[in-house]
Amino acid sequence: MSISHQSYCIPFSNISNNDIQKVGGKNASLGEMTQKLKSFGINIPEGFALTATAYQEYLHANDLITPLTEELDQLDKDELSNLAEIGSKCRKIIGQGKFPKDVLTSIINAFEQLNHNHDTFAVRSSATAEDLPSASFAGQHDSFLNISDHGQLIDAIQKCYISLFNDRAIKYRLDKGFEHMKVYLSVGVQKMVRSDIGSAGVAFTLDPESGFENVIYITSIYGLGENIVQGAVNPDEFYLFKPFLAKNQARILYKKLGTKQNKMVYANKGPKPIMNIPTSTEERNQFSLTDEEVEKLGMNCYQIEKHYGIPMDIEWAKDGNSGIIYIVQARPETIHSQKDKNKIQEKEYHLLSKPKPICSGTAVGRSIVSGKVCLVNSLADEDKVRKGDIIVADITSPDWNPLLRKAVSIVTNKGGRTSHASIVARELGIHAVVGAQNATEKLKDGQLITVSCIEGDTGYIYDGKINWEQKQVVLSKEVKTKTEPKFILANPFQAFRLANYPNLGVGLLRMEFIIADVIGIHPMALVKFDELPDGPEKDEIEKKTVNFQDKKHYFTSILSQHLGLVAAAFYPKEVIVRMSDFKTNEYAKLLGGSTFEPNEENPMLGFRGASRYYHDNYKDGFALECESIRILRDEMGMTNIKIMIPFCRTTEEGVKVLQTIKNFGLERGKNGLEIYVMTELPSNAILANEFADLFDGFSIGSNDLTQLVLGVDRDSSIIHHLFDEKNAAVKKMISQLIQAAHANGIKVGLCGQAPSDFPDFTQFLVAQGIDSISFNPDALITGIENISMAEKQQNHSLLNVKP
């Protein structure tokens, strides 16, 4: 439908994406989805758009263009020294205007046609330059909620017009190169979804941190969605896997319970239409969406992205009365979608020291920086902030954008990955730690601190300036070597970012990090919880597992989800998960562990690896590990997961372990399952042919193999000089194993530091024909360079061999 100058109010059902210049990006998208996506079960609340033409009529009728232009011409565009003064004058000018009669009549008529049941409405700004792939204008203009009558509606629309000249909006237009008087404002009037008694949130059709595109990321809170945008609460988080959504298999990959401290609801009395109230303990301890609702919402987001053909930033709301989930906004994602997808350009960091952190929260961005703390409570603190400061606050506000631009990092008590602080940090190219809870109490004005977001999902704040090193990395994603480069991974929260690097999967995923750092409880303490002695440890386990009726399910749920993040990141490339390989002294440190672990003189050579899995002392704990893998492979569909057995001393032990695994629901060959053995004992190499009959592949653990071939304690500082992977005995053992593996038609790889540290060792492995080499993340690039150089030398040698 074409929009004439007299048609100031247009129903969403008559609007499409072709009307951006008339109704702005936000309203055009709502109209587009109303027209095109309802058949996919996507619900859009009814509404109408007050066109940009109405805004222009408002300016002309009140002769506002000249005074606004004159004020904006006086703006100090370089230093913005008079931004607050100019912005204030512009807002005063536009606030003095009156609506032309025909515009006013059109608004009231459209409102009465829409308001059948005395509903309440949301009034949202929608600028003609807004929600574009290159400029979102997110949070720059104002919205108003719980509007119920003509007077409130007209007042809210005028306030939307005024917000076009917020200081932050003026600054944003300057940054993005838009002419102030050529950006026009449309206003969307939309039926309110009763999320005040339901829930609401934000979704991205990629991972907002890494830009990884194979996931849908959803955040959710109780009450109106403004709290999540403002970062006033720590939300629930969910990931869904797009390749499965494409097959109409909506399964939750990962979920994390947020604290959800408050919820925004309708106010019954007082001047403000909305207010914040605390959530109940019951609400905080349960997810604000059911799994079924998350899966339906994830499918909606997938269909929206598929329609638009680009990653999207989506706002949604669940009506507490009807239970229906509505999409209330969808805009293009503007950070990662603008990057070159074929190249990686980022800094690699390595910590040289790691003291105990002062506090921690959710990491946003990937960087590390030191600076002085500047505690900010409100915009009144703007003069305190100096360039290079680290701003520490309870939450941030869109009005703070000019002062946030001075900061090198942001730390907030509240908020999640979709909060205002997170969005601004990404746009500014700095990092933030959000949801740190007590940062404003633990950090002091002027204190020198280091903010680190290079250690995975968690961001840490350290006292003082700690030491780190960094280097710039620019490389192609394409793997160009015959020998397959793979990762050694422990932290699942690095997986989405690392999946962009040139690699052919994960050769070693260590389960121990998840068990120790995330689960924190000995598996047997969950299996035999009732048998634990009363005391602080049992109380702590009860507290951690409070939301799980079956405490064993706590273990399998967390482990399968975290392993699933890695499986999804590299899918369909293989991810080889090594079953737990703690030593007894390490197991004993877990909650409840001392009850189940023996004291050993030499844990390195004791009750570890394969010997535990079939033993009565740990077999039931191993069952939980196997069940986690079974959930991933058989229920989630992550068939790229393979498993690896560590420290398998004899073939007889191998047979016992394979039978135990089968008893626990995993069977070699079933549903394509491959089982590898970690080759770290001389017996594995000496009897390689026999082990090859039992397993699908070998993975050489060079550290343990070197230790056991040479009889050197790798942790001893006195004889550390004797520890040498390049020793002839170690190399002979490796060579023997590679030849035996290939003679039996199975693959063999190596996991260790040596191939990145020693080019000549890499050359040896390549010459022996090893299939893959796995590296720690910080060593991958060097390792690939060493492989490439070794392969060139190998080819050169072959060419020079005379027949």
Does [X] come within less than 4.0 Å of [Y], counting only side-chain N to carboxylate O?
X: K89; Y: E85; value: yes
X: D142; Y: R168; value: yes
X: D236; Y: K260; value: yes
X: K255; Y: E237; value: no
X: R194; Y: D119; value: no

Under the side-chain hydrogen bond (donor to acceptor under 3.5 Å, both in side chains) test, which residues partner S322, sequence neighbours left out?
-> none
Can you pull the salt bridge (Lys or Arg N to Asp or Glu O under 4.0 Å) pairs that have at least one residue in [range], sequence neighbours excluded?
range: residues 144-156; value: D155-K159
range: residues 378-387; value: K384-D445
range: residues 180-190; value: E179-K182

Look at the side chain of [X] and the backbone N and O of [Y], then say whether any donor-acceptor pair between them is shorter than 3.5 Å.
X: S199; Y: L289; result: no
X: S106; Y: D102; result: no
X: R173; Y: F178; result: no

May I have all residue pairs that pass ring-ring contact (aromatic ring centres under 6.0 Å, His included) and include part of residues 21-60, sequence neighbours excluded?
->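 ring-ring contact (aromatic ring centres under 6.0 Å, His included) check on residues 21-60 returns Y55-Y161, Y58-F99, Y58-Y161.
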Step through it carefully: locate the ring centre of F121, locate the ring centre of F111, and say whether they are under 6.0 Å apart.
-> yes
Take Q152 and S148 through the side-chain hydrogen bond (donor to acceptor under 3.5 Å, both in side chains) test and state the conclusion after the steps.
-> CA-CA 7 Å; Q152 289 178 334; S148 58; 3.0 Å; yes
Name all residues meeting the salt bridge (charged side-chain N to carboxylate O under 4.0 Å, His left out) criterion together with R426; count only those two or more places apart in sequence or in a different chain, and write none if there are none.
->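 Listed in chain order: E209.
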Drop me the distance from I304's CD1 to I327's CD1, to the nearest 0.5 angstrom.
-> 4.0 Å
With the side chain counted from C-beta on, respond yes when D196 and M264 share a heavy-atom pair under 4.5 Å apart, and no when they do not.
-> no
Given N413 and D394, is the side-chain hydrogen bond (donor to acceptor under 3.5 Å, both in side chains) satisfied, shown in steps?
-> CA-CA 5 Å; N413 292 337; D394 188 47; 3.1 Å; yes
